[in-house]
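Take a look at the structure set out below.
Each ligand, and each atom within it, is numbered from 1 in the order the structure gives.
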Amino acid sequence: MDGSRLHTQTGWGAGAPAPTTITAIHLTPVLVADPPLLNVQGVHQPYTPRLIVEVTTAGGATGLGETYGDTKYLDLARPLADALTGRRVTDLNALPRLAAETCGDSPAATEAGEVTAGGLRGAQTADKLRLSVLSGFEVACLDAWGRLAGLPVHALLGGRVRDRVDYSAYLFHRWAAHPGGRGEPDDWGAALDPPGIVAQARRFRDIHGFRSFKLKGGVFEPAAEIAAIRALAAAFPGRPLRLDPNGAWSVPTSLKVAHQLRDVLEYLEDPTSTTAHMAEVASRTDLPLATNMCVTTFAEIREAFTRGAVRIVLGDHHYWGGLRATRELAAVCRTFGVGLSMHSNTHLGISLAAMTQVAATVPGLRHACDTHYPWQTEDVLTERLAFTDGALPVSDAPGLGVALDRERLAALHARWLADDGTYRDRDDAAAMRAADPGWVTPRVPRW
Ligand code: GKR
Ligand code: MG
């Protein structure tokens with residue numbers, strides 16, 4: 001994307017367009033401050049790219065969407081914005097075809113099969129890229145449609161079955177600051193051992209009321225991460241706990257950890273990579289396994305479910321292709337008796353509002369959803385979404401129920417414009433090299 005915001009505008013031919021007709025789409029890439037959170041690949045960059053989508057209709061509504069903002073997503077978003085302009089926000093079933101037509105041959109879309117930093121969410125393929133882009137537009141269309149109709153997005157999805165959605169505290173081993181004074185400072189301090197993780201969890205509980213806790217693993221030797229979970233179990237007896245090393249362990253290591261933590265974990269998330277390895281672990285432990293890595297598309301469901309590889313899928317409307325696809329995933333999971341939760345990656349309030357709207361419509365959501373949101377101190381909304389007792393109330397306001405703060409959006413976009421390219425594509429291994437020049441993305445299984 002060359003420079004500033006992309007603005008696609010339709011002409012006003014003969015006859016007035018329907019209020020739902022899309023007259024303009026703005027795409028605004030932003031860089032959002034992100035703390036030095038550690039994972040198996042490295043560390044979060046000081047700034048993470050996101051894309052804000054604004055869809056404006058002839059009826060005067062503007063709908064908001066948010067998705068990944070790395071260059072390869074931006075490259076696909078631009079032609080899709082062009083193709084959508086002039087269509088109706090209600091025409092959502094046309095989105096996959098339009099996306100396939102407009103994104104199909106682009107260089108970004110043909111990088112199929114390659115495992116990149118996105119390896120934290122399984123192999124990255126052209127289909128997944130396309131769906132992640134499409135989801136930002138789907139959410140923006142639903143938001144605009146809801147605003148026009150005076151209905152919340154959940155009503156467009158069939159209505160809510162709950163009035164609050166539970167979220168889990170997302171705990172990370174982390175440094176006090178990014179190397180070399182980069183990024184925005186915060187007062188969380190370092191968390192590199194079990195007492196540090198427990199202190200972080202207490203602070204999350206005190207501020208947001210979270211009742212369940214997920215620890216990002218794959219950073220230290222499994223024994224250290226087992227000790228961190230044990231410390232959490234002692235500090236928060238009976239609370240749901242999860243550990244997620246993003247596929248960093250071998251099958252024997254996964255089984256050892258499962259054995260040692262089976263009395264305290266709600267589930268173990270992606271202990272090992274590949275469906276075959278997950279199935280092997282699952283066949284030898286009664287601890288439930290969850291995934292956002294081996295089941296990330298509809299095509300991956302059959303093998304994983306028939307082999308009993310996972311008992312919980314963490315959906316993510318970004319990479320499943322939107323809110324309606326998330327409901328389809330939920331239906332398949334229900335059919336197979338597989339639980340559903342929600343995965344998250346660094347995101348802003350638009351995505352959190354979208355997650356909450358769709359989660360509100362899914363029956364039998366028994367696991368608190370993940371969210372990175374509390375780590376993001378910046379947002380593009382006029383008001384931050386606030387957790388009470390670890391949950392978000394489900395908004396009944398039209399659309400997503402959130403409003404864009406143009407000054408904030410402009411400030412985060414200005415940061416993106418000013419960036420020399422260092423942070424426009426998330427690369428946790430590259431960020432790690434700022435502290436450890438010899439760092440290469442570890443091969444998994446690492447332990
Ligand atoms: O933000 O470091 C991170 C996470 O590791 C994220 O990238 C994962 O996609 O949170 C995610 C997960 O549950 O695997
Ligand atoms: Mg995960």
Side-chain angles (χ1 to χ4, degrees), residues 32-50 67-70 115-124 128 132 167-175 178 191 197 200 212-220 225 241-249 254 257 265-275 278 288-296 300 304 309-320 339-348 351-352 355 367-376 423 425-432 441-442 444 446:
V32 184
D34 212 4
L37 309 179
L38 298 161
N39 60 33
V40 66
Q41 304 222 343
V43 63
H44 286 208
Q45 296 178 168
Y47 302 102
T48 286
R50 298 291 287 173
T67 189
Y68 296 89
D70 309 56
V115 180
T116 65
L120 291 170
R121 59 187 188 121
Q124 194 155 108
K128 286 198 213 173
S132 299
Y167 286 88
S168 169
Y170 203 150
L171 312 176
F172 278 83
H173 292 102
R174 57 161 288 166
W175 298 325
H178 287 284
I197 291 297
Q200 193 184 91
S212 48
F213 302 89
K214 161 169 168 170
L215 176 62
K216 176 57 51 181
V219 176
F220 296 122
E225 297 185 350
L241 304 177
R242 303 127 181 215
L243 175 59
D244 172 16
N246 283 114
W249 304 332
S254 303
V257 177
L265 282 185
E266 176 190 17
Y267 55 70
L268 185 57
E269 188 177 319
D270 289 308
T272 190
S273 36
T274 82
T275 297
M278 288 284 281
L289 301 189
T291 189
N292 63 273
M293 292 179 68
C294 73
V295 181
T296 58
E300 290 166 336
V310 293
R311 304 228 315 249
I312 298 110
V313 171
L314 284 85
D316 181 320
H317 72 268
H318 302 94
Y319 57 85
W320 283 85
L340 185 77
S341 183
M342 297 252 183
H343 164 262
S344 125
N345 219 316
T346 301
H347 65 88
L348 295 170
S351 280
L352 184 60
M355 286 166 73
H367 307 281
C369 302
D370 287 356
T371 177
H372 283 57
Y373 190 65
W375 289 114
Q376 264 55 70
Y423 300 128
D425 298 290
R426 178 171 160 181
D427 185 342
D428 294 2
M432 185 59 122
T441 308
V444 294
R446 187 172 178 196

Open item on the list: Heavy-atom distances under 4.0 Å decide this one: backbone, side chain, both or neither, for Asn292 against ligand 1?
Closed with: side chain
Open item on the list: Can you tell me which portion of Met293 lies within the under-4.0 Å heavy-atom range of ligand 1? Options are side chain, backbone, both, or neither.
Closed with: neither
TODO: Could you grab the distance from atom CG of Asn39 to atom NE2 of His173, nearest 0.5 Å is fine?
DONE: 12.0 Å
Open item on the list: Pairs of nitrogen or oxygen atoms closer than 3.5 Å, one from Tyr170 and one from ligand 1: do any exist?
Closed with: yes
- [ ] Describe, in one word, how the ring planes of Trp375 and Phe172 are oriented to each other, choosing from parallel (under 30°), tilted (30 to 60°) and perpendicular (over 60°).
- [x] perpendicular
Open item on the list: Checking a contact table here: which protein heavy atom is nearest atom 3 (C) of ligand 1, and how many Å away?
Closed with: His44 NE2, 3.1 Å
Task: Residue, atom name and distance, where the atom is the protein heavy atom closest to atom 14 (O) of ligand 1 - done: Asn246 ND2, 2.7 Å
TODO: Evaluate the side chain to side chain donor-acceptor pair (under 3.5 Å) criterion for residues Thr371 and His347: first the C-alpha distance (whole Å), next the side-chain angles of each, then the deciding distance (0.1 Å), finally the verdict.
DONE: CA-CA 8 Å; Thr371 177; His347 65 88; 2.8 Å; yes
Task: Short side-chain donor-acceptor distance under 3.5 Å, Gln45 and Asp428 - done: no
TODO: Could you say whether the N/O atoms of Asp428 and ligand 1 ever approach to under 3.5 Å?
DONE: no
Open item on the list: So if I count the atoms of ligand 1 from 1 in the order they appear, which ones are less than 4.0 Å from some heavy atom of Asp244?
Closed with: 12 (C), 13 (O), 14 (O)
TODO: Looking only at distances, please establish whether an N/O atom of ligand 1 is found under 3.5 Å from an N/O atom of Thr346.
DONE: no
- [ ] Give a yes/no verdict on whether any heavy atom in Gln41 is under 4.0 Å from an atom of ligand 1.
- [x] no
Open item on the list: Suppose I only count heavy atoms of Lys216 and a 4.0 Å limit; which atoms of ligand 1 are within that range?
Closed with: 4 (C), 5 (O), 8 (C), 10 (O), 11 (C), 12 (C), 13 (O), 14 (O)
- [ ] Nearest 0.5 Å please: distance from the OG atom of Ser344 over to the NE2 atom of His318.
- [x] 8.5 Å
Task: Proximal heteroatom of Glu269 relative to the Mg ion (ligand 2) (N/O/S) - done: OE2
Open item on the list: For Asp244 versus Asn292, what's the shortest heavy-atom pair and its separation?
Closed with: OD2-OD1, 4.1 Å
Open item on the list: Show me which atoms of ligand 1 lie under 4.0 Å from any heavy atom of Ser344.
Closed with: 10 (O), 11 (C)
Task: Smallest separation among heavy atoms of Gly218 and Ala248, with atom names - done: CA-CB, 4.0 Å
Task: Those atoms of ligand 1 less than 4.0 Å from some heavy atom in Arg426 - done: 1 (O), 2 (O), 3 (C), 7 (O)
Task: the Mg ion (ligand 2) reached by Asn246 (N, O or S, under 2.8 Å) - done: no
Task: salt_bridge(Asp370, Arg242) N-O dist < 4.0 Å - done: yes
Task: For the Mg ion (ligand 2): the N/O/S atom of Asp244 at shortest distance - done: OD2
Open item on the list: Treating Ser341 as the side-chain partner and Ala368 as the backbone partner, does any N or O pair qualify as donor plus acceptor under 3.5 Å?
Closed with: yes
Open item on the list: Under a 4.0 angstrom heavy-atom cut-off, which atoms of ligand 1 come close to Phe172?
Closed with: 1 (O), 2 (O), 3 (C)
- [ ] Go through the steps for Met278 and Thr272 under the test side-chain contact (heavy atoms from CB on, under 4.5 Å), then give the verdict.
- [x] CA-CA 6 Å; Met278 288 284 281; Thr272 190; 4.0 Å; yes
Open item on the list: Could you go through Tyr47 and His178, starting from their C-alpha distance and side-chain angles, then the distance that decides it, and tell me whether this counts as ring-ring contact (aromatic ring centres under 6.0 Å, His included)?
Closed with: CA-CA 10 Å; Tyr47 302 102; His178 287 284; 7.8 Å; no
- [ ] May I ask you to identify the nearest protein heavy atom to atom 6 (C) of ligand 1, giving residue, atom name and distance to one decimal place in Å?
- [x] Asn345 OD1, 3.8 Å
Open item on the list: Starting from atom 13 (O) of ligand 1, what is the nearest protein heavy atom, named by residue and atom, and what distance separates them?
Closed with: Lys214 NZ, 2.8 Å
Task: Residue, atom name and distance, where the atom is the protein heavy atom closest to atom 9 (O) of ligand 1 - done: His343 NE2, 2.8 Å
Task: Nearest-0.5 Å distance that lies between atom CG in Leu37 and atom NE2 in His44 - done: 5.0 Å
